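Chain identifiers are assigned alphabetically (A, B, ...) following the order of the sequence lines, protein sequences preceding nucleic acid strands; residue numbering begins at 1 within each chain. Everything numeric here is computed off the predicted structure, so don't read it as measured data.
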Number of protein chains: 2
Amino acid sequence: MSLELSVDRSSPVPLYFQLSQQLEAAIEHGSLTPGSLLGNEIELAARLGLSRPTVRQAIQSLVDKGLLVRRRGVGTQVVHSQVKRPLELSSLYDDLEAAGQRPATKVLVNTVVPATAEVAAALGVAEDSDVHRVERLRLAHGEPMAHLCNFIPPGLLDLDTAQLESTGLYRMMRAVGITLHSARQTIGARGATAAEADRLGEQEGAPLLTMQRVTFDDTGRAVEYGTHTYRPSRYSFEFQLLVRS
Amino acid sequence: MSLELSVDRSSPVPLYFQLSQQLEAAIEHGSLTPGSLLGNEIELAARLGLSRPTVRQAIQSLVDKGLLVRRRGVGTQVVHSQVKRPLELSSLYDDLEAAGQRPATKVLVNTVVPATAEVAAALGVAEDSDVHRVERLRLAHGEPMAHLCNFIPPGLLDLDTAQLESTGLYRMMRAVGITLHSARQTIGARGATAAEADRLGEQEGAPLLTMQRVTFDDTGRAVEYGTHTYRPSRYSFEFQLLVRS
DNA sequence: TCAATGCATATGTCCGGACAATCGAACTAC
DNA sequence: GTAGTTCGATTGTCCGGACATATGCATTGA
C-alpha cells in the first residue's frame with residue numbers, strides 16, 4: 001500500500017516537481033485510488049527526507065490541477081471524478097492529433113492586408129496597418145472539419161505556407177520563442193452562408209459552431225486573432241473546468 | 001508612486017490574502033500600471049514587516065490568476081492585457097444577472113424519473129434509479145434565451161419550484177453546503193427540432209448552441225447533469241483562458 | 001566595433017521550526 | 001440515550017534564513 005516514492009537530489013528537476021509527478025502518475029495509474037487518504041504531510045516529508053514546505057508545494061500543485069482535495073483536520077484525498085484534463089489553451093491541430101485523427105491543413109490564403117477596425121481593435125494595432133491574414137481549411141480523414149481565418153501582427157513570425165500546412169499555428173509560435181499566456185474566446189453558433197457552406201461541404205443555412213479568439217503572450221501583447229467556423233457534426237468543444245477557490 | 005500597502009495582523013484574514021487583495025485592487029484601479037515592475041520581494045517584505053514566503057504567496061496567487069508575470073532576474077510585472085475574468089464554473093443565472101439582464105425562470109417540469117442509461121452514466125447512479133428532472137426556460141427581458149434540462153441525484157437538494165424560479169440551481173446547491181469543484185462540459189451546435197423551436201421562439205432547423213455539463217462537488221460526486229440549448233442570437237460563451245505552466 | 005566576461009539583481013528552490021484553526025471521534029455528563 | 005466537551009490529528013499560516021540560477025548591463029578584450 002505504501003507506494004514507492006523517491007527523489008533524486010542530484011537531478012536539476014526541482015524536488016517538489018519530482019514528487020508531484022510521481023503522485024500524479026500514481027493517481028493516473030491507479031495506485032492511489034480515488035477517495036483514499038494521502039497520509040499526513042509531516043510523515044510523508046520525513047519518509048522522503050524532504051521538508052514539509054517542499055511536500056506541501058508538490059501537493060498544492062496537484063490540488064490546483066484538481067486531482068487532490070485537502071481538508072483541514074482530515075487529510076488530503078484523491079478526488080474520484082473522471083478528471084481528464086482541465087481546459088487548456090488548446091490548438092485544434094494538437095487536439096486532432098491527440099485524438100489520432102491525422103489532421104491535414106490546406107492553406108487558402110496567406111497574404112498581408114490592412115487591418116480592419118475589428119482586427120485592429122483585437123490585436124491592438126493601428127487601423128489600416130499591415131497584418132498577416134491566413135485562411136486555412138482543416139481536414140480530418142479527408143473531410144473538412146473547420147475553416148480557420150487568422151490575423152497575425154507583422155514581424156512576429158515567418159508565415160511559410162508549407163510549414164502552415166504541416167503543423168499548427170501555435171506550434172510555429174512556440175518554436176520562435178513566443179510563450180502563449182492567455183486568450184479571450186467567444187463560442188457561438190449561426191447558420192452557414194453560401195460561401196461557408198461550400199467550403200465546408202455543408203448546405204446553406206446549416207448550423208455552424210463559431211469561435212473567435214484573441215491570444216496574448218506573456219508580455220500581454222496580442223499575437224493572434226482568429227475567427228473559426230466548425231462543422232458541429234465533426235467537432236465540439238469539450239473541456240474540464242475547475243472552480244477557482 | 002509607492003502605493004500604500006498595509007496589513008492588519010489582528011485580522012483573522014490571512015496576511016498573504018490581505019496583501020494579494022490590495023495588489024489586485026491596485027491593478028484593477030490602475031495604481032499599478034500594466035508593464036510596471038512590482039519591486040523586489042525582499043524589499044517589499046521588509047516594508048510591510050512580513051516574511052518573504054508570505055509576500056511570495058500573495059504574489060503567486062495573482063500570478064495564478066494571470067494578473068502578474070514573474071521573470072527570474074528581472075522582477076514581477078503587471079500583465080497588460082485586458083484580462084477580465086478567467087473562465088469559471090459559471091451559472092447562466094449569475095452571468096445574466098452580472099450583465100444586468102434581470103433573468104427570469106419558468107419551470108416547465110419538476111419531477112422524479114427513472115434514470116436513462118445516459119443520465120445514469122453521467123451521474124454515476126444505477127440505471128432506472130430515481131433522479132430529479134427539472135426543465136426550465138430562462139428568459140431575459142421577457143424573451144426566451146435558453147432551455148435548461150437538468151438531472152439531479154436524489155436526496156441532495158429540496159427542489160422547490162418557487163425557489164427554482166427565483167434563483168439559480170448553483171446558488172441553491174451552495175446554499176445547502178454543496179461546494180462545487182469541477183465540471184465537464186461539451187459545447188456544440190445543431191439545428192432546432194420542432195419542439196425546441198417552439199419553446200425558444202425560433203424556427204425549425206434554426207441553429208442552436210448546445211451545452212452538456214456534468215458537475216462534481218469536492219468529494220468527486222456528480223451533483224448535476226444538464227443538457228442546455230441556447231439561442232445563439234441571444235447568448236454565446238465568452239471566457240478567458242490561462243495557459244497552465 | 002563587436003563579442004566574451006563578470007557582476008549585481010531578482011526570482012526559484014529548499015530548509016526547519018512554530019503556532020493557529022478545524023475536523024472527527026472518543027469521552028463525559030445529564 | 002443524547003447532547004455537549006475534550007482531545008488528538010491534520011492542514012493552514014507564518015517566520016527567517018540559505019543557496020541556486022537566470023537575466024540584463026557594464027566592463028573588458030580581441
[N] [atom2] sits how many Å from [X] [atom1], rounded?
| X | N | atom1 | atom2 | result |
| --- | --- | --- | --- | --- |
| Leu19(A) | dC14(C) | CG | C1' | 13 Å |
| Leu37(A) | dC23(C) | CG | C1' | 12 Å |
| Leu68(A) | dT11(D) | CG | C1' | 13 Å |
| Gln18(B) | dC14(D) | CD | C1' | 13 Å |
| Arg56(A) | dT13(C) | CZ | P | 17 Å |
| Leu38(A) | dA9(D) | CG | P | 18 Å |
| Leu48(A) | dC15(C) | CG | P | 10 Å |
| Gln57(B) | dC14(C) | CD | C1' | 16 Å |

Per Glu41(B) side chain, nearest of listed nucleotides dT13(D), dG12(C), dC14(C): dG12(C)
Residue Leu15(B), side-chain heavy atoms: nucleotide from dC14(D), dT11(D), dT11(C) that is nearest: dC14(D)
CD (Glu43(B)) with more than 12 external heavy atoms under 6.0 Å: yes
Pairwise 5' ranking along DNA chain D for Val13(B) and Ile42(A), keeping only the more 5' one: Ile42(A)
Heavy-atom check, side chain of Leu148(B) versus side chain of Val134(B), under 4.5 Å: no
Minimum side-chain heavy-atom gap Arg138(A)-His228(A) below 4.5 Å: no
Polar side-chain atom of Gln22(B) near backbone of Ser6(B) as donor-acceptor pair, under 3.5 Å: yes
Donor-acceptor contact below 3.5 Å, side chain Glu135(A) vs main chain Val107(A): no
With a 4.0 Å cutoff (strictly under), does any side-chain N or O of [X] reach OP1 or OP2 of [N]?
| X | N | answer |
| --- | --- | --- |
| Thr76(B) | dT11(C) | yes |
| Tyr16(A) | dT13(C) | yes |
| Arg9(B) | dC15(D) | yes |

Protein proximity profile, nucleotides 21-26 of chain D - base contact B, sugar-phosphate-only contact S, no contact -, cut-off 4.0 Å on heavy atoms: BBBS--
Angle of first-five versus last-five pair axes in the helix from dT1(C)-dA30(D) to dC30(C)-dG1(D), to 10 degrees: 10°
Which residue lies more 5' along DNA chain C, comparing Gly39(B) with Phe17(A) via nearest heavy atoms: Gly39(B)
Can you tell me how far [atom2] of [Y] sits from [atom1] of [X], rounded to the nearest 0.5 angstrom?
| X | Y | atom1 | atom2 | result |
| --- | --- | --- | --- | --- |
| Thr186(A) | Met211(A) | OG1 | CE | 9.5 Å |
| Asn40(B) | Arg52(B) | CG | CZ | 8.5 Å |
| Tyr16(A) | Leu50(A) | OH | CG | 13.5 Å |

With Arg136(B), the side-chain hydrogen bond (donor to acceptor under 3.5 Å, both in side chains) member among Thr161(B), Thr105(B), Asn150(B), Asn110(B): Asn150(B)
Exercise: do Gln60(A) and Arg70(A) side chains pair donor with acceptor under 3.5 Å: yes
Identify all pairs in which a protein N or O lies below 3.5 Å from an N or O of nucleotides 16-19 of chain D, and state each distance.
from    : atom 1 : to       : atom 2 : distance (Å)
dA18(D) : N6     : Arg52(B) : NH1    : 3.4

Audit row: Ser36(B), Gln77(B), side chain to side chain contact (heavy atoms under 4.5 Å, CB included) steps and yes/no: CA-CA 6 Å; Ser36(B) 65; Gln77(B) 278 181 306; over 6 Å; no
Ring geometry between Tyr225(B) and Phe151(B) (parallel below 30°, tilted from 30 to 60°, perpendicular above 60°): parallel
